[in-house]
Amino acid sequence: MTDLDALQSRATVDLAAATDELSLRAWNTKYFGKTAGEMNAALKDVSKVPADKRKEYGQKANELKVALTRAYDQAIEAEKERTLQASLSGTPVDVTLPGRKPPSGRLHPSTVMLRRVAGIFAEMGFQIYRSPEVEEDELNFGLLNMPPHHPARDMWDTFHTTTPGVLLRTHTSPGQIHIMRQLCPKPVRVILPGMCYRFEQVTTRHEMMFNQIEGLAIGEGITFADLKGTLLNFARRLFGPDRQIRIRASYFPFTEPSIEVDVDWPREDPNCDRLTKGTGWLEIAGAGMVHPSVLRNGGYDPTRFSGFAFGMGPERVTMLLHAIDDIRQFWRNDLRFLRQF
Ligand code: PHE
């Protein structure tokens, strides 16, 4: 049986030596722990005590248990009070100080422009579709009227993959075929924004990757006047209500006729010369009437349906609007640049 006097003096000395909450809790485990607590063990010993001494032992053990428990509770209380006093008299916390601001993210300047442009076309009834960035040669070129070895393919320096016939799209125009085949024979009025890739010598004005926004409208009786009206309306909503557009003849294999579209720039703007290279006109898009063979490749009968298409570069427009002089900034991930927008 346990020597209760020895247990009492050990427990008392140990408790006096415990000076913080952690060691007080350790003391409690040592004497009152469920599995190996010494006090608990002493209580269990009652059954081993010879019958004539059992009553005396049991009484004494119980008294010791009560005394130790009380001593422990008092010690813990005192310790809590000490900690509270220490924190109250220590360096005060100024709860009225403003909180630390979490770093806030922002949209990439290209995303801002894509959303603005998408908003303008949405108001004109255009829906937004996506089409793949990894594309088949057949869709990027073939079905757009450029069979293999067609010289017009030279207009797009291309990244080919190691899988024959699979490339990174050089423009968003293959999306025209995707969407026509999906919606045929219903009328189409969509924009297709997204990244394009070209095997370009990277300079301040040329990047290997950039966004394009493709526009496509197909229906019965759509004319060149609709294309003109749509682009004029777009230019006025993006740049201002008094803007004029100018149309120049151009060439793309998938549109006939093909055009380039310029917007006039106010002469009184001090940036006018820089933005327009002195001409007063800013190029915003390539466009044209969808070629009959392309309509046919999309599933539409060109004797019944007609349509227009355009492609514009939102980074170019963003550069002009914000006087950004190097297109490489867009994908450099330099926060000093990105934070300005
Ligand atoms: N896809 C052409 C380009 O990348 C632009 C374009 C789109 C021209 C649609 C006409 C019609 O240069």
Side-chain angles (χ1 to χ4, degrees), residues 117 121 126 129 131-133 135-159 167-181 188-200 205-207 209-219 222-232 234-235 245-263 281-300 302 305-317:
V117 172
F121 280 104
F126 284 75
Y129 275 79
S131 72
E133 292 177 20
E135 192 54 277
E136 287 168 30
D137 183 288
E138 180 72 352
L139 275 111
N140 195 81
F141 293 120
L143 295 169
L144 294 175
N145 246 353
M146 286 175 277
H149 310 298
H150 192 288
R153 288 186 173 217
D154 278 355
M155 289 164 69
W156 295 274
D157 296 313
T158 309
F159 284 113
L167 45 77
L168 300 186
R169 68 174 174 191
T170 58
H171 51 178
T172 42
S173 298
Q176 292 186 28
I177 303 287
H178 284 292
I179 198 66
M180 280 193 275
R181 290 184 167 178
V188 178
R189 205 189 285 180
V190 301
I191 59 169
L192 299 137
M195 294 297 288
C196 303
Y197 304 87
R198 288 188 197 168
F199 187 38
E200 297 262 7
R205 297 180 55 81
H206 296 94
E207 247 295 5
M209 50 196 277
F210 51 88
N211 280 288
Q212 269 195 349
I213 299 170
E214 191 84 6
L216 180 68
I218 293 174
I222 288 190
T223 69
F224 194 86
D226 296 313
L227 171 58
K228 256 175 85 171
T230 303
L231 290 172
L232 177 61
F234 167 74
I245 60 169
R246 173 175 88 164
I247 281 169
R248 287 177 287 119
S250 182
Y251 170 73
F252 300 101
F254 36 91
T255 45
E256 180 59 37
S258 300
I259 58 170
E260 305 275 350
V261 186
D262 302 341
V263 194
W281 293 96
L282 180 71
E283 188 188 320
I284 60 160
M289 300 305 290
V290 181
H291 194 286
S293 323
V294 176
L295 281 173
R296 212 175 292 117
N297 291 338
Y300 289 86
F305 289 92
S306 57
F308 64 77
F310 56 83
M312 64 182 79
E315 275 87 35
R316 247 184 67 79
V317 178

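From a predicted model like this one, the values you see are computed outputs, not experimental measurements.
- Taking Thr255 as the reference, Ser258 meet the side-chain hydrogen bond (donor to acceptor under 3.5 Å, both in side chains) condition, with sequence neighbours excluded.
- Among all heavy-atom pairs drawn from Leu216 and Ala309, the shortest one is CD1-CB, 4.0 Å.
- The ring pair (Phe, Tyr, Trp, His ring centres under 6.0 Å) test applied to Phe210 returns no partner, not counting sequence neighbours.
- The two residues Phe308 and Thr223 have their closest heavy-atom pair at CD2-O, 4.4 Å.
- Note that CE of Met312 and CG of Asn211 are 12.5 Å apart. Values are rounded to the nearest 0.5 Å.
- Of the possible donor and acceptor atoms, one in the side chain of Arg169 sits under 3.5 Å from a partner among the backbone N and O of Met195.
- The line from CD1 of Ile179 to CD1 of Ile191 is 11.5 Å long, rounded to the nearest 0.5 Å.
- For Phe159, the ring pair (Phe, Tyr, Trp, His ring centres under 6.0 Å) partners at least two apart in sequence or on another chain are Phe199.
- To the nearest 0.5 Å, atom CZ of residue Arg316 and atom CD of residue Glu207 are 15.0 Å apart.
- The closest donor-acceptor contact from the side chain of Asn145 to the backbone of Pro253 lies under 3.5 Å.
- For Phe252, the ring pair (Phe, Tyr, Trp, His ring centres under 6.0 Å) partners are Phe254, not counting sequence neighbours.
- Listed by first then second residue, pairs satisfying salt bridge (charged side-chain N to carboxylate O under 4.0 Å, His left out) with a partner in residues 135-144 read Asp137-Arg153, not counting sequence neighbours.
- Residue Gly286 comes nearest to Glu260 through the heavy atom pair CA-OE1, 4.1 Å, listed as atom of the first residue, atom of the second, then distance.
- Not counting sequence neighbours, the partners of Gln212 by the side-chain hydrogen bond (donor to acceptor under 3.5 Å, both in side chains) test are Thr172.
- Leu232 CG to Leu227 CG: the interatomic distance, rounded to the nearest 0.5 Å, is 11.0 Å.
- Glu283 meets the salt bridge (charged side-chain N to carboxylate O under 4.0 Å, His left out) test with Arg248; sequence neighbours excluded.
- Looking at residues two or more places apart in sequence or on another chain, you find a side-chain hydrogen bond (donor to acceptor under 3.5 Å, both in side chains) between Glu133 and Tyr197.
- Note that OG1 of Thr158 is 8.5 Å distant from NE2 of His171, once rounded to the nearest 0.5 Å.
- Residues satisfying the ring pair (Phe, Tyr, Trp, His ring centres under 6.0 Å) test with Phe121, not counting sequence neighbours, are Phe126, Phe234, Phe310.
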Donor-acceptor pairs under 3.5 Å, side chain of residues 292-299 to any protein atom, not counting sequence neighbours: which ones?
unit_1 : atom_1 : unit_2 : atom_2 : d
Ser293 : OG     : His291 : ND1    : 3.1
Asn297 : ND2    : Leu143 : O      : 2.8
Asn297 : ND2    : Ser293 : O      : 3.2

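- Atom CH2 of Trp156 and atom CG of Leu144 lie 8.0 Å apart (nearest 0.5 Å).
- Residues satisfying the side-chain hydrogen bond (donor to acceptor under 3.5 Å, both in side chains) test with Thr170, not counting sequence neighbours, are Asn140.
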